[in-house]
Amino acid sequence: MGVMSGPYVIRGSVSLPEAELMWRFSRSSGPGGQHVNTSDSQVELRFDLAATESLPEVWKERALQRLEGRLVGGVIAVRASEHRSQWRNRETALVRLASLLAEATAPPPRPRRRTRIPRGINERRLREKKQRGETKRGRSGRDW
């Protein structure tokens, strides 16, 4: 079994602290071979978002607000059971948690600046609509 690849970076210099990650392993449903009934390959990774000191305060507030539906007592949980090996499921769970936190802590998008539609474009649209209406009106056989 290899060593887990380094600290998982959320964004910039902020990464997930190994000490604050809580792991739980259980039997996985799904694919497996001879070991399927004996190996605990499903991984549940829990991270206490409310109590962590590793995230900047602004990020923490943002994440708590955005992930509020997924949190249970301030703790976020991620499950992985796609792979047969526990190690690969651990990697998957870590990547998932890191990307979830990266998304939740991202700064809000810039507000959209309203722009005016140029008059020419608007007039052309109305002209084309009128033309289309004429074409359709010509199809009805009322004048026969």
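- Taking CZ of Arg90 as the start and NE2 of His83 as the end, the distance is 14.0 Å to the nearest 0.5 Å.
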Take Arg139 and Thr135 through the side chain to side chain contact (heavy atoms under 4.5 Å, CB included) test and state the conclusion after the steps.
CA-CA 7 Å; Arg139 289 181 189 154; Thr135 305; 4.0 Å; yes
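- For the atom pair CD of Glu128 and CD of Glu123, the computed distance is 12.5 Å after rounding to the nearest 0.5 Å.
- No more than 12 heavy atoms of other residues, nucleotides or ligands lie within 6.0 Å of CZ in Arg24, so this atom counts as exposed by the packing criterion.
- Hydrophobic clustering keeps Leu64 apart from Met22 (ILVMFWY residues linked when any side-chain heavy atoms are closer than 4.5 Å, directly or through intermediates).
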Walk me through it: do Glu91 and Arg88 pass the test salt bridge (charged side-chain N to carboxylate O under 4.0 Å, His left out)?
CA-CA 5 Å; Glu91 285 279 305; Arg88 281 177 67 191; over 6 Å; no
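- Using a 3.5 Å distance cut-off with no hydrogens or angles, the side chains of Arg125 and Asn122 do pair a donor with an acceptor.
- Side-chain atoms of Arg70 never come within 3.5 Å of backbone atoms of Ile76 as a donor-acceptor pair (strictly under, hydrogens ignored).
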Enumerate donor-acceptor pairs with a distance under 3.5 Å from any side-chain N or O in residues 101-117 to protein atoms, sequence neighbours excluded.
from   : atom 1 : to     : atom 2 : distance (Å)
Thr105 : OG1    : Arg11  : NH1    : 3.3
Thr105 : OG1    : Leu101 : O      : 2.8
Thr105 : OG1    : Ala102 : O      : 3.4

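- Taking the side chain as every heavy atom from C-beta outward, Gln131 and Arg127 never approach each other to under 4.5 Å.
- The two residues Ala77 and Glu44 make their nearest non-hydrogen contact at CB-OE2, 3.7 Å.
- In this structure, CG on Leu21 lies 5.0 Å from CG on Leu45, to the nearest 0.5 angstrom.
- A chain of hydrophobic side-chain contacts below 4.5 Å, direct or via other Ile, Leu, Val, Met, Phe, Trp or Tyr residues, connects Trp23 to Leu100.
- Note on Val75 and Leu94: separate hydrophobic clusters, where clusters join Ile, Leu, Val, Met, Phe, Trp and Tyr whose side-chain heavy atoms are under 4.5 Å apart, directly or indirectly.
- Heavy-atom minimum distance, Ala93 versus Val43: CB-CG1, 4.1 Å.
- Among all heavy-atom pairs drawn from Gly74 and Asp48, the shortest one is O-OD1, 3.3 Å.
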